[in-house]
K.L.:
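Structure below; questions to follow.
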Amino acid sequence: MTDYFKLVRFFNEYTAHYKEMLDFEYKKLDMINNDRIEELSGSLPTEQALIMKANSLESKRLKLLEDDKDLTFREIIEKAPVSCKKRLEEQYSELSSYVMKIKELNDLANVIISGRLKRVERRTAELDTYNGKGSVKTEHTSKAAIMNKV
């Protein structure tokens with residue numbers, strides 16, 4: 001049987017962790033926006049640690065829920081005793097907002113990075129070629145043509 005009081009305490013820790021992840025995502029997006037690639041690269045161990053902790057917390061959550069581990073958060077709230085429902089609802093709301101914001105920031109970062117990669121592809125699609133007379137000519141070419149000329 002699930003100990004809902006332990007679960008409420010656990011979700012305090014779980015929510016705090018996702019708040020920490022959200023703070024990190026804001027910093028990461030700032031690094032991406034400002035082309036601070038070395039700093040971004042240096043932040044990978046921090047991101048990895050955050051992901052590992054999230055995985056650890058998820059394992060802990062599954063152990064706490066025992067037979068209810070397949071329930072959604074909403075279903076857990078429905079099953080909870082009245083004394084825990086209000087706090088679990090608050091935690092659900094807070095956690096949901098953090099997760100949605102993290103997703104939004106990740107999506108935005110992907111859009112920015114994809115746009116920059118397309119610009120790089122366009123730039124690398126310009127090739128300097130030599131004609132038989134020794135002069136240079138810049139050509140725009142497709143990726144396939146680049147691969148054929150390499």
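Sequential numbering from 1 along the given sequence is applied to the chain's residues. The shown structure was predicted, so the numbers you read here are calculated from the model rather than taken from an experiment.
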K.L.:
Heavy-atom count around E38 CD within 6.0 Å, excluding the residue itself: above 12?
P.N.:
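Incorrect, the count does not exceed 12.
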
K.L.:
Is E58 salt-bridged to R61, cutoff N-O under 4.0 Å?
P.N.:
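Yes, E58 and R61 are salt-bridged.
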
K.L.:
Between atom OH of Y4 and atom CG of L65, what is the distance when rounded to the nearest 0.5 Å?
P.N.:
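Spacing of OH (Y4) from CG (L65) equals 7.5 Å.
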
K.L.:
Indicate if F73 and L71 have the same hydrophobic cluster label, given that clusters are the connected sets of ILVMFWY residues with side-chain heavy-atom separations under 4.5 angstrom.
P.N.:
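In one cluster: yes.
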
K.L.:
Looking at D23 and K27, is any side-chain nitrogen of the basic one under 4.0 Å from a carboxylate oxygen of the acidic one?
P.N.:
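Looking at K27 and D23, the cut-off is not met.
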
K.L.:
Going only through I, L, V, M, F, W and Y residues with side-chain contacts under 4.5 Å, is there a path from L57 to M52?
P.N.:
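Not linked; separate clusters.
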
K.L.:
If hydrophobic clusters are built from ILVMFWY residues whose side chains come within less than 4.5 Å, do L62 and I77 share one?
P.N.:
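In one cluster with L62: I77, no.
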
K.L.:
I'd like to check K28 versus N106 (side-chain heavy atoms, cut-off strictly below 4.5 Å). Are they in contact?
P.N.:
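Yes, at least one pair of side-chain atoms sits under 4.5 Å.
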
K.L.:
Are I113 and I102 co-members of a hydrophobic cluster defined by side-chain heavy atoms under 4.5 Å apart?
P.N.:
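They do share one cluster, since a chain of ILVMFWY contacts under 4.5 Å joins I102 to I113.
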
K.L.:
Could you tell me whether the side chains of Q91 and Y14 share a donor-acceptor contact shorter than 3.5 Å?
P.N.:
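No.
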
K.L.:
Given side chains that start at C-beta, do those of N34 and E39 come closer than 4.5 Å, heavy atoms only?
P.N.:
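With C-beta onward as the side chain, the pair stays apart.
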
K.L.:
Do K60 and E13 have side-chain heavy atoms sitting under 4.5 Å apart?
P.N.:
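A side-chain contact under 4.5 Å exists here.
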
K.L.:
Do Y26 and Y18 sit in the same hydrophobic cluster, where Ile, Leu, Val, Met, Phe, Trp and Tyr count as joined when their side-chain heavy atoms come under 4.5 Å apart?
P.N.:
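Cluster IDs for Y26 and Y18 match.
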
